[in-house]
Structures are given as structure tokens and as C-alpha cells.
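One structure is given here, and the rest of the page talks about it.
Only heavy atoms go into these numbers, but all of them, side chains included; no hydrogens, no water, no symmetry mates. This structure is a prediction, so every number in the text was calculated from the model and none was measured.
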Amino acid sequence: GAERYFTRWYKPDVKGRPCEDFCVLQHSNRRICVITLAEAHPLLQSGKTIKNINYQISANCSRLQNKVSGKSKRPCLFIFQMQGAQFLTELAPLCRISSSDGEEYTIYSCIRGRLIEVNENILSNPALLQEKPSTEGYIAVVLPKFEESKSITQGLLTQKEYEEVLLKRRSSAS
């Protein structure tokens, strides 16, 4: 379903951190966006094992406490007024992920909008994040404001542009 109904957009080197790339899957309805790790993210490279996923951003902010109410609780149908959803900026942290080698990665929203849900399934099964990052291993679902939904991808790269970034990285590494 992800390939059929979603367009992939990429945000490489978020906050100047090399290879910490994210993918935004934008639904064909141009509103719902699913935040995932991009293929080149260090957590998806061989040898990495996820030790911990934490949606507690600060002492006063937990993404797990996000409570959304509206006309429908199914994300793809969430086009009506929502109440209680946390508002996110492009650089709002969604969660922190620790790997067994001691590295910690902060996962960012990459787009502005309301947090619809976080994927609690990856808390009990972190392997989903690495095995199926574009489907069952997603990080969160975000709904941009209606008036921003067409411009939400400004500053993001298309699949082809992202592949060019990956090629440049490989050629500069060799």
C-alpha cells in the first residue's frame, strides 16, 4: 500500500548530522504524512541493533500522551477538526532511539502539522523499525494544516534527488 498510495519525500542530514536522513510518505490525498527512517539512516545499516525507543521528549512532553479526538480515529479519514493533537514544527523531536553501540538518534518530524499518532508497536518490537521502516515500522503520522498541505514538501527531496545525494556520498567516501 505504501508504494501505491504514498509519495516518498526525503530530508537528508537533518540538523547537519551526516546520513541522519528521514522519509516522509505523503498520502495521495495530500494531507496525511507518515514519518519513517530513510534507507541510508545509520539505524538501518547492518550491524545496528536498537536498544531503546523513547517518545518522552522532555520532562513535560511525551509523544505518547498525544490524545486526538475528532470525527474519525482512523488516520486516513482524519479531515475534520482535531482537538488535543500536539502541534509539530519541522524540527520537533518525535522520539529518541538508542542503539546497542551506544549511539543515540533523535527522530524529527521534518514537516509542520498535528501529531495524529505515534507507532507504539515499535516499543515492544523495535525490529519492525529496521525490517519494515516504510510500513509497520513507521515512527509517526502527522497531518499538515489544510492551507499548508500543498507546500509541505518544500525543502524535501524527491526520490530521484535523494538518490543523487546518496551517489554523491558514495563517490566522496571512495
Side-chain angles (χ1 to χ4, degrees), residues 1-55 57 63 75-76 88-113 115-144 149 151-174:
E3 300 302 320
R4 185 174 177 186
Y5 297 107
F6 290 85
T7 302
R8 289 178 176 272
W9 298 93
Y10 294 90
K11 185 75 171 176
D13 304 327
V14 174
K15 293 194 92 174
R17 295 186 173 109
C19 301
E20 289 196 30
D21 305 345
F22 301 102
C23 179
V24 176
L25 300 171
Q26 186 181 35
H27 194 273
S28 58
N29 71 9
R30 314 248 344 129
R31 296 263 337 259
I32 290 290
C33 293
V34 179
I35 312 303
T36 70
L37 298 178
E39 301 86 40
H41 194 283
L43 283 167
L44 299 184
Q45 303 313 304
S46 61
K48 292 278 186 181
T49 304
I50 295 174
K51 187 173 118 183
N52 182 43
I53 300 170
N54 189 354
Y55 282 107
I57 301 308
R63 300 300 183 208
C76 290
L88 304 170
T89 63
E90 294 92 343
L91 293 176
L94 293 170
C95 66
R96 291 187 175 76
I97 301 174
S98 302
S99 62
S100 57
D101 63 1
E103 293 290 324
E104 183 176 271
Y105 302 92
T106 300
I107 310 305
Y108 297 96
S109 174
C110 299
I111 59 170
R112 291 170 41 92
L115 180 62
I116 301 301
E117 71 175 55
V118 295
N119 185 1
E120 293 184 43
N121 294 329
I122 61 175
L123 295 173
S124 59
N125 188 0
L128 285 175
L129 192 65
Q130 293 170 310
E131 295 167 4
K132 300 177 180 183
S134 296
T135 55
E136 296 157 59
Y138 70 95
I139 306 290
V141 177
V142 177
L143 182 67
S149 60
S151 64
I152 203 70
T153 58
Q154 287 178 348
L156 300 178
L157 303 180
T158 64
Q159 176 86 38
K160 184 177 181 186
E161 291 167 331
Y162 183 62
E163 288 169 2
E164 290 170 11
V165 166
L166 295 178
L167 280 173
K168 285 180 189 172
R169 280 183 191 161
R170 277 180 271 211
S171 65
S172 68
S174 49

Taking all non-hydrogen atoms of both residues, which atom of G155 and which atom of K11 are closest, and how far apart?
-> O-NZ, 3.5 Å
Sub-3.5 Å donor-acceptor pair from the side chain of D13 to the main-chain atoms of C19, do we have one?
-> yes
Closest approach of S109 to I35 (non-hydrogen atoms, all atoms of both residues) = O-CD1, 3.2 Å
Decide yes or no for L44 and P133: does some side-chain heavy atom of the first lie under 4.5 Å from some side-chain heavy atom of the second?
-> yes
K15 meets the side-chain contact (heavy atoms from CB on, under 4.5 Å) criterion, sequence neighbours left out, with R17, L91, Y108
Residue pairs passing the salt bridge (charged side-chain N to carboxylate O under 4.0 Å, His left out) test with at least one member in residues 122-137, sequence neighbours excluded, are K132-E136
L129 and G137 have their tightest heavy-atom pair at CD1-O, 3.1 Å
If you look at every heavy atom in V165 and P12, which pair is closest and at what distance?
-> CG1-CB, 4.4 Å
Set of residues satisfying side chain to side chain donor-acceptor pair (under 3.5 Å) with respect to N121, sequence neighbours excluded | none
Point-to-point distance, once rounded to the nearest 0.5 Å, from CG of N54 to CG of L94 = 12.5 Å
Who passes side-chain contact (heavy atoms from CB on, under 4.5 Å) against E163, sequence neighbours left out?
-> Q159
If you measure from NE2 on H27 to SG on C33, what distance do you get to the nearest 0.5 Å?
-> 10.5 Å
Applying side-chain contact (heavy atoms from CB on, under 4.5 Å), name anything that partners E161, two or more places apart in sequence or on another chain.
-> L157, T158
Kindly indicate whether the side chain of I122, heavy atoms from C-beta on, has any atom under 4.5 Å from the side chain of Y55.
-> yes
Test side chain to side chain donor-acceptor pair (under 3.5 Å) applied to Y162 - qualifying residues, sequence neighbours left out = D21
I107 versus H41: any side-chain heavy-atom pair under 4.5 Å?
-> yes
State, to 0.1 Å, how close T106 and F22 come at their nearest heavy-atom pair, and which atoms those are.
-> O-CZ, 3.6 Å
When rounded to the nearest 0.5 angstrom, what distance separates CD1 in I53 from CG in N125?
-> 9.0 Å
Salt bridge (charged side-chain N to carboxylate O under 4.0 Å, His left out) partners of residues 36-48, not counting sequence neighbours, each pair once | R8-E39, K48-D101
Between CG on residue L143 and CD1 on residue I32, distance to nearest 0.5 Å | 4.5 Å
NZ (K51) and CD (E103) are apart, to the nearest 0.5 Å, by 11.5 Å
Looking only at heavy atoms, the pair that brings C110 and L156 closest together is O-CD2, 4.2 Å
Listed partners of I57 passing side-chain contact (heavy atoms from CB on, under 4.5 Å), at least two apart = C61, R63, P93, R96
Straight-line distance of T135 OG1 to N119 CG, nearest 0.5 Å | 9.5 Å
